Amino acid sequence: MPPDELAAWLRLTLTPGVGNATARRLLAAFGLPQRVFAQSASALRQVVTAAQASALLQEPPGLAAQIETTWQWLMQPGEEAGGPQDAAVTRSIVTLGDENYPPSLLATEDPPLLLYLMGRCDWLQATGWPAALAIVGSRNPTPQGQINARQFAQALAGQMAVVSGLALGIDGAAHEGALQGAQPERLATIAVIGTGADRVYPARHRDLAHRIARQGLLVSEYPLGTPPVAANFPKRNRIISGLSLGALVVEAALQSGSLITARLAAEQGKEVFAIPGSIHGTQSRGCHALIRQGAKLVETAQDILEELRLPASRPAPAAPATPAPSTAPTVSAPPPAGGPHASLLTALGADPASLDALQARTGWPTPQLQAALLELELAGQVGRLPGGLFQRLGVA
């Protein structure tokens with residue numbers, strides 16, 4: 001993109017009081033941004049308010065610095081600040097008028113004016129935007145929910161890119177699974193972020209963001225330098241659903257932000273999928289509500305591929321009730337208050353689990369784990385089920 005064209009697009013996005021909808025009206029009326037800024041005040045007032053016309057005729061504060069920052073960012077290969085340099089990781093900006101703008105996002109009600117891209121832009125230019133599925137869910141999932149997200153993403157990665165929001169919990173597990181199932185020369189995963197593309201939030205996902213840049217894409221609609229702002233994260237959900245054929249909700253409470261993505265996907269005419277969970281778990285209630293509203297209940301990745309009419313490249317594993325020790329993550333969620341074995345109850349979650357699975361989640365020696373389970377069993381907090389499984393009792 002030539003510097004003068006980039007400058008005009010940035011000026012349009014940074015003009016105070018001119019949002020996406022107003023900017024699209026201006027583009028429809030006058031053409032590219034350079035033509036918008038060539039108009040007189042009277043011509044602009046035929047399309048926008050007098051206050052907006054006045055703002056368009058003035059250079060936004062800090063525009064020159066933002067143009068310079070953005071141009072330097074585009075010209076500099078490698079990853080975002082703090083990451084190792086990698087010539088395969090490149091940067092690009094696609095505009096609403098660009099032929100490389102994602103068609104599925106262009107068809108939505110509120111497409112962004114600009115998309116800042118960082119990652120394997122070469123693959124994108126060679127093959128176009130891939131078929132993709134959004135995988136979203138709770139920031140505080142159960143251990144089983146994290147496993148489900150990772151396994152579904154890994155199984156689906158052979159046929160489509162996995163889109164999520166780089167948040168803690170289900171988002172991060174979905175990106176990880178997609179990277180594990182990545183295919184050569186294909187975008188494994190797309191992370192739609194709520195900050196500028198030169199920032200990583202949360203900081204704990206810095207290494208994950210670096211790996212996504214090497215095998216996928218980081219996408220943002222926000223100007224470089226934009227810090228984490230609470231209102232930006234629900235807004236970016238429309239891009240997550242807009243880039244996807246459908247949305248899979250792995251775990252979600254009734255007030256979860258991931259339900260926003262599901263609602264937007266449904267409004268965009270996309271498929272909505274949900275994984276059922278324990279009737280005792282609060283993190284299952286959002287999924288159960290979606291299923292009651294018509295979302296497709298799924299138990300395996302194959303269920304999704306069949307609904308989307310995509311062939312499976314390899315057997316898609318079901319989400320197991322008792323995961324193998326090698327795939328069970330270490331629990332990092334803060335333990336709830338109440339008793340010396342609170343962290344074990346957190347690791348157990350709402351679904352049955354085996355001794356091996358609990359040992360992998362907690363890292364406890366077998367004698368310590370067995371003694372703790374016996375104490376919880378005697379206290380009526382844990383029940384023993386057939387097959388060597390343990391079930392937490394009295395989960396609200």
Side-chain angles (χ1 to χ4, degrees), residues 88-92 94 100-108 111-112 115-137 149-167 170-193 197 205 208-221 236-250 258 261-262 264-265 268 270-273 298 301-314 316:
V89 175
T90 56
R91 300 161 180 190
S92 178
V94 294
N100 293 320
Y101 196 92
S104 61
L105 187 57
L106 187 63
T108 62
L115 290 176
Y116 296 76
L117 311 179
M118 182 167 62
R120 297 310 303 263
C121 298
D122 56 335
W123 292 352
L124 191 66
Q125 291 165 357
T127 63
W129 289 85
L133 182 80
I135 298 183
V136 295
R150 187 180 298 110
Q151 290 188 338
F152 268 76
Q154 184 174 359
L156 292 166
Q159 288 298 307
M160 55 178 52
V162 170
V163 185
S164 201
L166 199 64
I170 295 299
D171 286 20
H175 290 306
E176 291 279 6
L179 292 172
Q180 291 168 4
Q183 301 295 303
E185 307 301 313
R186 293 185 61 168
L187 290 173
T189 187
I190 300 172
V192 182
I193 59 178
H205 277 172
L208 176 59
H210 295 163
R211 287 185 284 129
I212 290 172
R214 292 192 287 270
Q215 292 184 271
L217 280 178
L218 296 163
V219 178
S220 175
E221 68 174 312
R236 61 88 194 265
N237 289 349
R238 79 192 195 286
I239 303 177
I240 294 176
S241 59
L243 291 173
S244 308
L245 295 174
L248 168 65
V249 182
V250 177
S258 57
T261 306
L264 291 168
Q268 293 166 357
K270 311 292 181 66
E271 300 290 344
V272 178
F273 306 96
V298 294
Q302 183 63 31
D303 294 337
I304 296 172
L305 294 172
E306 289 176 356
E307 188 71 19
L308 297 176
R309 295 179 174 84
L310 293 173
S313 59
R314 58 183 181 274

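This is a predicted model, so every value here is computed, not measured.
Between the NE2 atom in H205 and the CZ atom in R211 there is a gap of 9.0 Å [rounded to 0.5 Å]. Rounded to the nearest 0.5 Å, atoms CG (L218) and NE2 (H175) are 8.5 Å apart. Residue S164 holds its OG atom at 13.0 Å from CD1 of I193, rounded to the nearest 0.5 Å. Here the CD atom belonging to E271 is positioned 5.0 Å from the CD atom belonging to E307, to the nearest 0.5 angstrom. In this structure, CZ on F152 lies 11.0 Å from CD1 on I170, to the nearest 0.5 angstrom. Note that OG1 of T189 and CG of L156 are 11.5 Å apart. Values are rounded to the nearest 0.5 Å.
Taking the side chain to side chain contact (heavy atoms under 4.5 Å, CB included) definition, one finds that R120 meets it with A88, D122, W123, L187, sequence neighbours left out.
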Item to check | Trace of the side-chain contact (heavy atoms from CB on, under 4.5 Å) decision for M118 with V89 | outcome: CA-CA 7 Å; M118 182 167 62; V89 175; 4.0 Å; yes
Item to check | Verdict with supporting geometry, E221 and R238, side-chain contact (heavy atoms from CB on, under 4.5 Å) | outcome: CA-CA 11 Å; E221 68 174 312; R238 79 192 195 286; 2.8 Å; yes
Next on the checklist: Before you tell me yes or no, could you show the steps for L179 and L208 under side-chain contact (heavy atoms from CB on, under 4.5 Å), namely the whole-Å CA-CA distance, both residues' side-chain angles and the distance that decides it to 0.1 Å?
Outcome noted: CA-CA 10 Å; L179 292 172; L208 176 59; 3.8 Å; yes
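With hydrogens and angles ignored, the 3.5 Å screen pairs a side-chain donor or acceptor of D171 with a backbone N or O of G165. Within the 3.5 Å criterion, the main-chain N or O of V219 finds no donor-acceptor partner in the side chain of R236.
Counting heavy atoms from C-beta outward, V250 and L248 have side chains that approach closer than 4.5 Å. Contact of the T261 side chain with the L264 side chain is not registered, since no non-hydrogen atoms from C-beta on lie closer than 4.5 Å. The shortest side-chain heavy-atom distance between L308 and L133 falls under the 4.5 Å cut-off. Looking only at side-chain heavy atoms (C-beta outward), L124 and N100 stay at 4.5 Å or farther from each other. Using a 4.5 Å cut-off on side-chain heavy atoms (C-beta onward), L105 and I239 make contact. When side chains are defined from C-beta on, L217 does not count as touching I212, because their heavy atoms never get closer than 4.5 Å. Contact annotation: the side chain of F273 never approaches that of I135 to less than 4.5 Å [non-hydrogen atoms, C-beta and beyond]. Counting heavy atoms from C-beta on, the side chains of S244 and I190 never come closer than 4.5 Å.
Shown here for A182 and A157, the closest heavy-atom pair between the two residues is N-CB, 4.3 Å. Listed here is the closest heavy atom pair of L166 and A209: CD2-CB, 4.3 Å. Between Y101 and W129, the shortest heavy-atom contact is C-NE1, 4.0 Å. The nearest pair of heavy atoms linking C121 to S92 is SG-CB, 4.0 Å. For the pair A153 and A178, the tightest heavy-atom approach, listed with the atom from each and the gap, is CB-N, 3.6 Å.
In the model, Q268 has a side-chain atom that pairs as donor or acceptor with a side-chain atom of S241 under 3.5 Å.
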